[in-house]
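Computed from a predicted model, the values in this text were never measured in an experiment. Every chain is numbered from 1, with letters handed out A, B, ... down the list of sequences.
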Amino acid sequence: MGKYSLMMGSEALVRGAIYAGIRFYAGYPITPATEVAEYMAQLLPRAGGIFVQTEDELAAINMAIGASVAKWKAMVATSGPGFSLMQEGIGHAINTEVPLLIVDVQRGGPSTGQPTMPSQQDVFQARYGSHGSYEIIVLSPGNVQELFYLTIDAVNLSEQYRTPVILLTEEITAHLWEKIYVPGPGEYPVLPHATPPTRGDEGFLLESQLHDERGYNVANDPELSAKALWRLIRKIRDNVDKISRIEVKYFDDEPSVFIASYGCSARSALAAVKMLRQDGYKVGFLRLITLWPFPENTIRNAVRGASTVVVPEMNSGYIVNEFRLLGLNVVSVPKLGGEMPMPEEVYSIVKGVLS
Amino acid sequence: MNPLIQNYLRSEYAQGKRRTIFCPGCGNGIILGYFVRAIDELKREDGFDDSKLYIVTGIGCSGNIPVPLKYNIIRALHGRALSVATGVKLVRPDSEVVVFAGDGDLLSIGGNHLIHTIRRNVGIKVILVNNMLYGMTGGQVAPTTPMEAITHTTPYGNPEPPLDACKLAVSLGATYVARWVVPLAKQCIQSIKELLLHRGFGLLECLSQCPVYQGRYVIGIDRPSKIMDYYLKITVVSDKPSYGDKITIGKFVDYERPTYEEIMWSIVNKAREGGNYEA
Ligand SMILES: Cc1ncc(C[n+]2csc(CCOP(=O)(O)OP(=O)(O)O)c2C)c(N)n1
Ligand code: SF4
Ligand SMILES: [Mg+2]
């Protein structure tokens, strides 16, 4: 039996991670992800795990890689500038197939930007931030309860697909206090940890250049290099419908307009849909739980019959492009500066679209 | 192929289907041989358990040294070998973690991690291969290149003074620090053995020849044997690190203090006292 508890998003994230079997955390303090580190420093040793405050984010992600390879599920958490520093390590974990949880608690702006303000400005960095061709799984929780469960899901996905998974949240959800249900031991599924395979008496070879299935460097062989890279890409691309999830509401009466959003912005989006419905407008609601790989088919089916999708998000208009690529008529509601898009703002934009 | 070394190789290397990437006369292959001999001697003399070995490498020619070996090998990103190795050592404190890294890798791009890994006294054993430049990328200046030396990125002479890795390590409290030079086989092998048996952070800097770039440009000699002679001329045994016109070699420190992994695990055990376990 689990229990109900009032907690801050960061604590829910930490408890979710420990529930999922994370036993190694490495990080460097940064607002607004610092609470994650502080809760970890408290709770992880009690669960028999190790917490390290590293000299920088480069050390953090690489230490976590070492811990994951050698024995334990491992994670890092950071925000914008630290997320930038970790990008090389993310690609490295993808190429060497190291399961890892990477948390980015988004703040605003390029550079030091807006340390204490929320944003969703890293959604493309989460997808494309590291160099080279790759696919990556990125999850976006909408509230504190979901932050708890998606943390576990992220760890499970990273083990199942042997790849780093990014949990992309925002200052708002990480600092929000909500009542959540914390399941008891064994109540929610948790996958075992995958370490690199060895062969007979030969240890593993984890090669950071492109390599074949035994770890041997194939970087100078075009055919084998392409094969190595396509395998990494396909293991995510070909499983998009198994990996990616959306939430759809208010779709039964086949609305011609949907408001589609994700993360904290989806809360305003849902409020706007409710206001519009109260005033007699037929509007649907779609929320991305997985941002990447982008669940094209699922979305296409969900909004079948709709002509327009309105996308509020806390950046200059990023995810809206993905909807545009689906051939839908889109209305971008970009919001910069650190304030959430307000339900009233979304309401009036949609009303304009409908009339 | 030397039958002793063959026993330690992955099958494709043992069968000759794969070869190391090193240029003829490079010091890297010689260091690989020393490493295998040191392990083989330790296994016979001390019952050294090489099944607990994890080897982490930097990126550079020297990062390829252990690749043919049958051990668990992690090729880290350029500069990040010590971070990866720290992660391994913390979660497997009973393992033996060895790092092979070049002078550019360890002292330039990875310099910050070197400082903090030594400060923490993580029980990692580092074999620093100092060929006085960047070999892999084709002979550019490194933090170890002598002042005024000509390299591909210092065509008018190196404007920067070099860094003495051993002096830095000693000043930071490293518990084992030695520097030897590839032509001195016995000393190199002995030092690797000491390193592997050492408790706490250990650094062995191995001055090594890169005939292709360092030989030709930095010191103006490209015959490997002649570079080794040159190395013997510019080095002198001492108990204090120094890296100038003369480079001192020898063992500079060898003592013990509590290691990072020991302290970490005692914290974990303390936090769990009284069964205050929370999932
Ligand atoms: C982040 C990053 N920057 C640059 C490089 C290119 N690079 C590969 S090896 C190397 C230098 C290697 O020099 P050193 O560490 O001395 O090793 P050596 O080849 O001399 O043994 C560089 C700069 C890289 N791989 N990654
Ligand atoms: S470039 Fe220099 S260091 Fe690299 S393998 Fe060739 S000789 Fe050795
Ligand atoms: Mg070098």
### Message
Heavy-atom cut-off 4.5 Å, strictly under: side chain, backbone, both or neither for A:Ser208 against chain B?
### Response
both
### Query
Taking the side chain as C-beta and beyond, is there a heavy-atom pair between B:Arg75 and B:Ile59 under 4.5 Å?
yes
### Message
With a 4.5 angstrom heavy-atom cut-off, is it the side chain or the backbone of B:Tyr54 that approaches chain A, or both, or neither?
### Response
side chain
## Note on the structure
Interface check, chain B: of A:Leu44, A:Thr54, A:Thr96, A:Val52, most non-hydrogen pairs under 4.5 Å belong to A:Val52
#### Entry: Between B:Ile55, B:Leu77, B:Ile74, the one whose heavy-atom pairs under 4.5 Å with chain A are most numerous
B:Leu77
## Note on the structure
Answer key: most heavy-atom pairs under 4.5 Å with chain A among B:Val268, B:Ile115, B:Leu9 is B:Val268
### Task
Tell me, out of A:Arg199, A:Glu202, A:Gln209, who's got the most heavy-atom pairs with chain B below 4.5 Å.
A:Glu202
### Query
Between A:Ala59 and chain B, which part of the residue has a heavy atom less than 4.5 Å away: side chain, backbone, both or neither?
both
#### Entry: Residues B:Arg37 and B:Glu41 bridged, charged N to O under 4.0 Å
no
### Summary
Okay, A:Phe204 and chain B: the region with an atom under 4.5 Å from a heavy atom over there is both
Give every donor-acceptor pair under 3.5 Å between a side-chain atom in residues 69-80 of chain A and any protein atom, sequence neighbours left out.
from, atom 1, to, atom 2, distance (Å)
A:Lys73, NZ, A:Ala20, O, 2.8
A:Lys73, NZ, A:Leu191, O, 2.4
A:Ser79, OG, A:Val105, O, 2.6

### Task
Say whether A:Tyr161 and A:Asn156, considering side chains only, have a donor N or O and an acceptor N or O under 3.5 Å apart.
no
### Query
More than 12 foreign heavy atoms under 6.0 Å from CD of A:Glu223: is that the case here?
no
#### Entry: Segment of B:Arg92 engaging chain A (4.5 angstrom heavy-atom cut-off)
side chain
### Contacting moiety of B:Arg120, where chain A heavy atoms sit under 4.5 Å
side chain
### Summary
Turns out that what part of A:Asp201 lies under 4.5 Å from chain B's heavy atoms comes down to both
### Task
Tell me, please, whether A:Tyr216 has B:Arg18 positioned over its six-membered ring: NZ or CZ under 6.0 Å from the ring centre and within 45 degrees of its axis?
yes
### Centroid separation B:Phe100 to B:Phe35 less than 6.0 Å
yes
### Query
Does any heavy atom of chain A fall under 4.5 Å from the side chain of B:Ser11, the backbone, both, or neither of them?
both
#### Entry: Whether over 12 other heavy atoms sit under 6.0 Å from A:Tyr28 OH
no
